[in-house]
Visitor: 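Got a structure here, written out as structure tokens. Questions coming.
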Amino acid sequence: QVQLVESGGGLVQPGGSLRLSCAASGSISSISAMGWYRQAPGKQRELVAGITSGGVRNFADSVKGRFTISRDNTKNTVFLQMNSLKPEDTAVYYCKGRLRRWYWEEYDDYWGQGTQVTVSS
């Protein structure tokens, strides 16, 4: 079994910061890319930030300059540092890992259960 478990969500005032973490565990032979998505009420899930195993990063335009993404390959963990948070960042944040369990398998996408981020005064 493979599990992705997010942590670090919560309530923060506008302009504040939060750091999300996502740890992948279970039978994993390798992880290619990891990323963060978010879904606000009534909206589609959207990519926030992604990072490859080689450290190549991409960000949604709405978070560039405010959010950073990093990963610890030794611990199969990805982080999302969110600064200068705005009310429009309020959403459930999901972690996604593109990984394979055994070396003979294809890569597949696995999702975490999500963590709520609320930006409000």
Side-chain angles (χ1 to χ4, degrees):
Q1 292 283 2
V2 172
Q3 277 191 315
L4 276 72
V5 179
E6 302 105 333
S7 60
L11 173 64
V12 64
Q13 291 187 341
S17 298
L18 281 176
R19 187 176 190 241
L20 305 183
S21 301
C22 171
S25 62
S27 300
I28 299 171
S29 63
S30 67
I31 301 176
S32 62
M34 300 188 80
W36 290 94
Y37 290 71
R38 67 186 180 187
Q39 188 167 19
K43 294 187 177 181
Q44 289 189 333
R45 191 174 297 189
E46 62 175 359
L47 173 69
V48 176
I51 183 169
T52 68
S53 58
V56 177
R57 297 165 170 83
N58 64 300
F59 296 92
D61 288 342
S62 59
V63 306
K64 284 180 180 177
R66 301 188 296 123
F67 291 9
T68 58
I69 188 170
S70 60
R71 62 189 281 180
D72 183 340
N73 292 331
T74 64
K75 298 180 179 179
N76 291 338
T77 300
V78 64
F79 305 96
L80 185 68
Q81 179 66 42
M82 305 185 293
N83 299 326
S84 302
L85 283 161
K86 304 175 182 180
E88 51 263 43
D89 294 317
T90 296
V92 178
Y93 283 69
Y94 297 90
C95 170
K96 187 182 85 170
R98 178 158 293 173
L99 58 92
R100 61 182 179 187
R101 295 178 300 170
W102 308 107
Y103 69 91
W104 60 83
E105 288 188 342
E106 298 291 327
Y107 283 92
D108 203 356
D109 291 335
Y110 291 80
W111 292 87
Q113 81 286 352
T115 185
Q116 177 70 44
V117 172
T118 302
V119 185
S120 175
S121 55

Visitor: Looking at every non-hydrogen atom in both residues, tell me the closest pair between Gln116 and Ala91 and how far apart they are.
Guide: NE2-O, 3.4 Å
Visitor: How close do Gly9 and Leu20 get, counting heavy atoms only, and between which atoms?
Guide: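 Heavy atoms of Gly9 and Leu20 come nearest at N-CD2, 3.5 Å.
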Visitor: My understanding is that a hydrophobic cluster links ILVMFWY residues whose side chain heavy atoms are under 4.5 Å apart, including indirect links. Using that, what else belongs to the cluster containing Phe79?
Guide: none
Visitor: If you take all heavy atoms of Asn76 and Met34, which pair is closest and at what distance?
Guide: O-CE, 4.0 Å
Visitor: Any chance CD of Glu88 has more than 12 other-residue heavy atoms, nucleotides or ligands included, within less than 6.0 Å?
Guide: yes
Visitor: The criterion is side-chain hydrogen bond (donor to acceptor under 3.5 Å, both in side chains); which residues satisfy it with Tyr110, sequence neighbours excluded?
Guide: none
Visitor: Just to verify, what does Glu106 make a salt bridge (charged side-chain N to carboxylate O under 4.0 Å, His left out) with, not counting sequence neighbours?
Guide: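 Expected list: none.
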Visitor: Can you name the residues that form a salt bridge (charged side-chain N to carboxylate O under 4.0 Å, His left out) with Arg45, not counting sequence neighbours?
Guide: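 If we apply the salt bridge (charged side-chain N to carboxylate O under 4.0 Å, His left out) test to Arg45, skipping adjacent residues, there are no hits.
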Visitor: Who passes side chain to side chain contact (heavy atoms under 4.5 Å, CB included) against Val119, sequence neighbours left out?
Guide: Val12, Pro14, Leu85, Pro87, Asp89, Thr90, Val117
Visitor: Closest approach of Leu4 and Gly97, non-hydrogen atoms and distance?
Guide: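 Smallest interatomic distance, heavy atoms only, reads CD2-N, 3.4 Å.
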Visitor: With Thr68, which residues qualify under side chain to side chain contact (heavy atoms under 4.5 Å, CB included), at least two apart?
Guide: Gln81
Visitor: Is the closest side-chain heavy-atom distance between Ser62 and Arg38 below 4.5 Å?
Guide: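 Counting from C-beta outward, Ser62 and Arg38 do come under 4.5 Å.
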Visitor: By salt bridge (charged side-chain N to carboxylate O under 4.0 Å, His left out), which residues pair with Lys43, not counting sequence neighbours?
Guide: none
Visitor: If I take atom CZ from residue Arg57 and atom CD1 from residue Ile69, how far apart are they, to the nearest 0.5 angstrom?
Guide: 8.0 Å
Visitor: Distance check, rounded to the nearest 0.5 Å: Ile28 atom CD1 versus Gln3 atom CD?
Guide: 10.0 Å
Visitor: How many angstroms lie between CG in Leu80 and OH in Tyr93, if you round to the nearest 0.5 Å?
Guide: 7.5 Å
Visitor: Mind jotting down which residue pairs meet the side-chain hydrogen bond (donor to acceptor under 3.5 Å, both in side chains) criterion with at least one end in residues 4-14? Sequence neighbours excluded, please.
Guide: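 Qualifying pairs, neighbours excluded: Glu6-Gln113.
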Visitor: Taking only residues at least two apart or on different chains, which pairs with a member in residues 43-72 satisfy ring pair (Phe, Tyr, Trp, His ring centres under 6.0 Å)?
Guide: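 Counting only pairs at least two positions apart or across chains, no ring pair (Phe, Tyr, Trp, His ring centres under 6.0 Å) contact touches residues 43-72.
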Visitor: Do Met82 and Tyr37 belong together in a cluster built from hydrophobic side chains that touch within less than 4.5 Å?
Guide: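 No.
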Visitor: Treat each ILVMFWY residue as a node, draw an edge where side-chain heavy atoms are under 4.5 Å apart, and state whether Trp111 and Leu47 are in one component.
Guide: yes
Visitor: With a sphere of 6.0 Å drawn around CH2 of Trp104, does it hold more than 12 non-hydrogen atoms of other residues, nucleotides or ligands?
Guide: yes
Visitor: Please tell me whether Ser30 and Tyr103 have a donor and an acceptor in their side chains that are separated by less than 3.5 angstrom.
Guide: no
Visitor: Any link between Val78 and Val92 through a network of hydrophobic side chains (Ile, Leu, Val, Met, Phe, Trp, Tyr) touching at under 4.5 Å?
Guide: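 No; Val92 is not reachable from Val78 via cluster members.
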Visitor: Quick one: disulfide bond (SG atoms under 2.5 Å apart) pairs with a partner in residues 10-120, sequence neighbours left out?
Guide: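 Applying disulfide bond (SG atoms under 2.5 Å apart) to every pair that reaches into residues 10-120, excluding sequence neighbours, yields Cys22-Cys95.
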Visitor: At their closest point, which heavy atom of Val63 faces which heavy atom of Val48, and how far apart are they?
Guide: CG2-O, 3.6 Å
Visitor: Quick one: salt bridge (charged side-chain N to carboxylate O under 4.0 Å, His left out) partners of Arg71, sequence neighbours excluded?
Guide: none
Visitor: Does Arg100 CZ have over 12 foreign heavy atoms under 6.0 Å away?
Guide: yes
Visitor: Just by distance, do the side chain of Ser32 and the backbone of Arg98 share a donor-acceptor pair under 3.5 Å?
Guide: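 Side chain of Ser32 to backbone of Arg98, a donor-acceptor pair under 3.5 Å: yes, one is there.
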Visitor: Mind checking what makes side chain to side chain contact (heavy atoms under 4.5 Å, CB included) contact with Ser120, not counting sequence neighbours?
Guide: Leu11, Thr118
